Amino acid sequence: MQLDELYTFSNKLSDQGVLLCFNGPFSHGIIEQLGHALRRHVQESGGAGPTVMDVFGVFVEQTQNIQSYVSRELAGLEGASFGVVAIIKEGSRYVVQSGNRIRDEHTRPLLGRLDALARADAAALKAMYKQQLRAQIGPGESAGLGLIAMARAASEPLSYRIDPGRDGCSFFTLRVTV
Amino acid sequence: MNITATSTTPSVVFDESSSTLVIRGESYPENAFEFFKPVQQWVEQRARASRFVLELAVTYMNTSSVKCVMDLFDRLDLAYEQGADVLVRWRYSETDERIRELGEELLEDLRAPKELLAQR
């Protein structure tokens, strides 16, 4: 990035209502610090108490999902721990959008899960959540609740896309509107 | 049992006089299963010994923590069905509707005695 490009980049983020954006290697410490900043920013931008915690909750699920996925599945791959997350204010709503690399063979099952969530109504999402709460999970596996919880907290269906990448990986973007 | 809270884990403290284990604060550690494992093992032993109350006074939990708490509830339910004297209490601030909703949902399927208490 050239000397004059950062200013343009910063203006672009501000114009699009980006309250906070992080691009780099995720760690528990980074997630914690960003989470604190996010709560303050959302509150200061006029978000009510439940909204602050909904946005924070979606942020925690997205970033912890990325962190656990990349450390479990992409260990040793160059730049694998990199992810990007942005909190955006759009009118009276908040958007949490994140992206990370994902192994090509994982894209189809992930899209299948997301499509099923997008079709589900509130009652179906609650049933899925309860079922997954009781599901047995193996050592090292995640609880598998994050995507369902995000779909429940969202005010519109989750949106997502896959962009082709290299080294057998694609780039996955998830956008959740609270 | 006496675990001090950190910025992403709750305090877990047993009060002998009231036989109550209180879990208080926010819970979103990097690995919730690791954090809750000793608590689950301790509760498993203690719940069958004599009167036992599990009190949740959390203000935020990530989904892995919720799953671990559900596991605690399941253990208490099993102990209850085998004759143990247990109670699950969920405390929430009356202004915190998210934590009330979470409490209602988690207590819904519990067979053991339970209380949902609003605090001012």
Side-chain angles (χ1 to χ4, degrees), chain A residues 26-36 38-39 47-68 70-72 122-123 125-153 178, chain B residues 5-10 25-37 40-41 56-78 88 90 92-112 118-120:
Chain A
F26 279 23
S27 68
H28 182 61
I30 294 271
I31 292 171
E32 187 189 333
Q33 293 304 320
L34 287 173
H36 285 302
L38 172 161
R39 275 152 84 157
T51 307
V52 175
M53 292 317 285
D54 286 344
V55 176
F56 176 69
V58 169
F59 164 83
V60 169
E61 296 304 326
Q62 281 193 11
T63 52
Q64 289 190 335
N65 263 356
I66 293 175
Q67 202 204 349
S68 71
V70 299
S71 64
R72 192 175 63 240
L125 287 173
K126 181 178 177 179
M128 289 159 94
Y129 185 80
K130 288 217 153 185
Q131 191 187 5
Q132 190 61 32
L133 258 184
R134 286 248 153 62
Q136 292 291 328
I137 54 163
E141 279 184 81
S142 81
L145 287 161
L147 291 175
I148 310 174
M150 285 187 249
R152 297 186 75 192
V178 175
Chain B
T6 70
S7 52
T8 59
T9 54
E26 300 198 339
S27 185
Y28 56 110
E30 185 171 4
N31 189 336
F33 301 108
E34 209 173 274
F35 176 80
F36 278 100
K37 198 172 179 190
Q40 287 161 347
Q41 287 165 344
L56 274 298
V58 292
T59 47
Y60 171 72
M61 281 197 284
N62 67 355
T63 52
S64 330
S65 299
V66 172
K67 188 162 176 87
C68 293
V69 165
M70 196 70 217
D71 178 273
L72 283 177
F73 287 179
D74 284 344
R75 285 166 197 260
L76 288 182
D77 244 358
L78 193 62
V88 175
W90 185 277
Y92 64 95
S93 154
E94 62 178 10
T95 57
D96 192 344
E97 53 184 289
R98 290 294 177 270
I99 289 296
R100 175 180 55 79
E101 288 162 359
L102 180 63
E104 283 171 358
E105 202 164 289
L106 293 182
L107 295 186
E108 212 169 62
D109 302 325
L110 206 65
R111 289 175 297 268
Q119 314 264 157
R120 274 179 190 276

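The shown structure was predicted, so the numbers you read here are calculated from the model rather than taken from an experiment. To find a chain, count down the sequence lines: A is the first, B the second, and so on, and within it residues start at 1.
A salt bridge links Lys126(A) and Glu108(B); the closest N-O separation between the charged side-chain nitrogens and carboxylate oxygens is under 4.0 Å.
Within a 6.0 Å radius of CD in Glu34(B), other residues, nucleotides and ligands contribute 12 heavy atoms or fewer. Few gaps surround CD on Gln119(B); more than 12 heavy atoms of other groups in view lie less than 6.0 Å from it.
With contacts defined as side-chain heavy-atom distances shorter than 4.5 Å, the pair Leu106(B)/Leu133(A) qualifies. In this structure, the side chains of Gln64(A) and Glu30(B) stay at 4.5 Å or more apart for every pair of heavy atoms.
In this structure, the portion of Glu26(B) lying under 4.5 Å from any heavy atom of chain A is its side chain and not its backbone. For Gln67(A), the part lying under 4.5 angstrom from a heavy atom of chain B is the side chain only. The contact between Asp74(B) and chain A is made entirely by side chain atoms (from C-beta outward), counting heavy-atom distances below 4.5 Å.
Residues forming a salt bridge (Lys or Arg N to Asp or Glu O under 4.0 Å) with Asp109(B) (at least two apart in sequence, or on another chain): Lys130(A), Arg134(A).
Shortest non-hydrogen contact noted between Ala135(A) and Lys67(B) is O-NZ, 2.6 Å. The heavy-atom pair separating Thr63(B) from Ala149(A) by the smallest distance is CG2-CB, 3.5 Å.
Judged purely by distance below 3.5 Å, without hydrogens or angles, the side chains of His28(A) and Thr8(B) pair a donor atom with an acceptor atom.
Residue Glu61(A) holds its CD atom at 5.5 Å from CG of Asn62(B), rounded to the nearest 0.5 Å. Rounding to the nearest 0.5 Å places OG1 of Thr51(A) at 7.0 Å from CZ of Arg98(B).
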Begin with the C-alpha distance, continue with both residues' side-chain angles, and end with the deciding distance and a verdict on salt bridge (Lys or Arg N to Asp or Glu O under 4.0 Å) for Glu105(B) and Arg152(A).
CA-CA 13 Å; Glu105(B) 202 164 289; Arg152(A) 297 186 75 192; 2.8 Å; yes
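Ring pair Phe59(A)/Tyr28(B): centre-to-centre distance not below 6.0 Å.
Listed options Ile148(A), Asp54(A), Ile31(A) were ranked by heavy-atom pairs under 4.5 angstrom with chain B; first place goes to Asp54(A).
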